[in-house]
Amino acid sequence: QVQLVESGGGLVQTGGSLRLSCAASGSSFSITTMRWYRQAPGKQRELVAVITSSGSTNYADSVKGRFTISRGNAKTVYLQMNSLKPEDTALYYCNADFVQTVRGVPHSMDSWGEGTQVTVSS
């Protein structure tokens, strides 16, 4: 299995910035698409940003122009969050699609991190 670990969350004032990181670890795997989701208390989990292995990106309308997803290397993804608003407060999760070779057989799977809390004060 592939493990994802998020970091970089914290408390910031309205208008501030944070940079989230997600690092993948495991053996014999290659990641294709990586995503950031978020879930606020009492709300459903929502997709925030996506980046494919070719570098194509897509964003939720609510974060376009403020958030930027990027890949540091094949196993790391970042989410640069600028001009943060109180409504951005949520638990942010990293998700990745990957192919892992087990005993010579490739398996397509996905994995989730445990999340990192982002709190934006007004």
Side-chain angles (χ1 to χ4, degrees):
Q1 187 56 279
V2 170
Q3 293 79 39
L4 301 178
V5 178
E6 304 99 334
S7 61
L11 174 64
V12 64
Q13 291 186 332
T14 297
S17 298
L18 284 173
R19 188 191 195 208
L20 305 184
S21 300
C22 174
S25 63
S27 62
S28 303
F29 71 97
S30 61
I31 293 178
T32 54
T33 301
M34 299 189 82
R35 307 173 185 85
W36 285 99
Y37 285 81
R38 67 186 181 187
Q39 187 167 18
K43 295 188 177 181
Q44 289 188 329
R45 190 173 297 188
E46 65 170 339
L47 179 62
V48 175
V50 183
I51 186 166
T52 68
S53 55
S54 64
S56 297
T57 59
N58 204 0
Y59 299 90
D61 288 342
S62 58
V63 306
K64 280 181 182 177
R66 301 188 298 121
F67 290 12
T68 302
I69 189 170
S70 62
R71 294 181 74 155
N73 56 37
K75 298 181 180 180
T76 306
V77 66
Y78 303 104
L79 186 68
Q80 178 66 43
M81 305 186 296
N82 299 327
S83 302
L84 283 162
K85 306 175 182 180
E87 50 264 43
D88 295 318
T89 295
L91 190 60
Y92 284 71
Y93 296 91
C94 178
N95 167 257
D97 296 338
F98 60 94
V99 176
Q100 189 168 36
T101 300
V102 180
R103 299 192 187 93
V105 179
H107 299 269
S108 296
M109 293 179 278
D110 79 322
S111 184
W112 290 85
E114 294 189 350
T116 184
Q117 179 67 39
V118 171
T119 303
V120 184
S121 63
S122 57

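For the numbers below, each heavy atom of this structure counts, side chains included, while hydrogens, waters and symmetry mates do not.
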Check residues 24-34 and write down every donor-acceptor pair under 3.5 Å in which the side-chain atom is one partner and the other belongs to a residue at least two apart or another chain.
residue, atom, partner, partner atom, Å
T32, OG1, D97, O, 3.2

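A donor-acceptor contact shorter than 3.5 Å is absent between the side chain of E6 and the backbone of T116. Not a single donor-acceptor pair under 3.5 Å links the side chain of T119 to the backbone N or O of T89.
M109 is connected to V2 through a chain of hydrophobic side-chain contacts under 4.5 Å among Ile, Leu, Val, Met, Phe, Trp and Tyr, so both are in one cluster. Follow the hydrophobic side-chain contacts under 4.5 Å out from V120 and you never reach Y37; the two are in separate clusters. When the side chains of ILVMFWY residues are joined at heavy-atom separations under 4.5 Å, either directly or via intervening members, V12 and W36 end up in a single hydrophobic cluster.
The two atoms that bring Q80 and N82 nearest to each other are NE2-OD1, 2.9 Å, heavy atoms only. Nearest heavy-atom pair, S122 versus P86, reported as atom, atom and distance to 0.1 Å: CB-CG, 3.9 Å. Taking each heavy atom of N95 and S111 in turn, the nearest pair found is ND2-O, 3.2 Å.
Listed by first and then second residue, the ring pair (Phe, Tyr, Trp, His ring centres under 6.0 Å) pairs involving residues 48-100 amount to none (not counting sequence neighbours).
Distance check: E114 CD to L4 CG gives 10.5 Å after rounding to the nearest 0.5 Å. In this structure, CZ on R103 lies 12.5 Å from OG1 on T101, to the nearest 0.5 angstrom. Expressed to the nearest 0.5 Å, how far CG of L47 lies from CZ of R35 amounts to 7.0 Å. In this structure, CE on M81 lies 11.5 Å from CZ on R19, to the nearest 0.5 angstrom. Rounding to the nearest 0.5 Å gives a distance of 11.0 Å between OG of S108 and CD of Q100. If you take CG on N58 and CD1 on I51, they are separated by 11.0 Å, rounding to the nearest 0.5 Å.
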Please step through side-chain contact (heavy atoms from CB on, under 4.5 Å) for the pair W112 and C94, ending with a clear verdict. CA-CA 6 Å; W112 290 85; C94 178; over 6 Å; no

Would V63 and R38 satisfy side-chain contact (heavy atoms from CB on, under 4.5 Å), going step by step from the backbone distance to the final call? CA-CA 12 Å; V63 306; R38 67 186 181 187; 3.9 Å; yes

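Hydrophobic side-chain contacts under 4.5 Å tie V99 to no other Ile, Leu, Val, Met, Phe, Trp or Tyr residue. In this structure, V102 stands alone, with no Ile, Leu, Val, Met, Phe, Trp or Tyr side-chain heavy atom under 4.5 Å from its own, directly or through other members.
Side chains of V50 and I69 form no contact here, defined as non-hydrogen atoms less than 4.5 Å apart.
Applying the salt bridge (charged side-chain N to carboxylate O under 4.0 Å, His left out) criterion to R66, with sequence neighbours excluded, gives D88. The salt bridge (charged side-chain N to carboxylate O under 4.0 Å, His left out) test applied to K43 returns no partner, not counting sequence neighbours.
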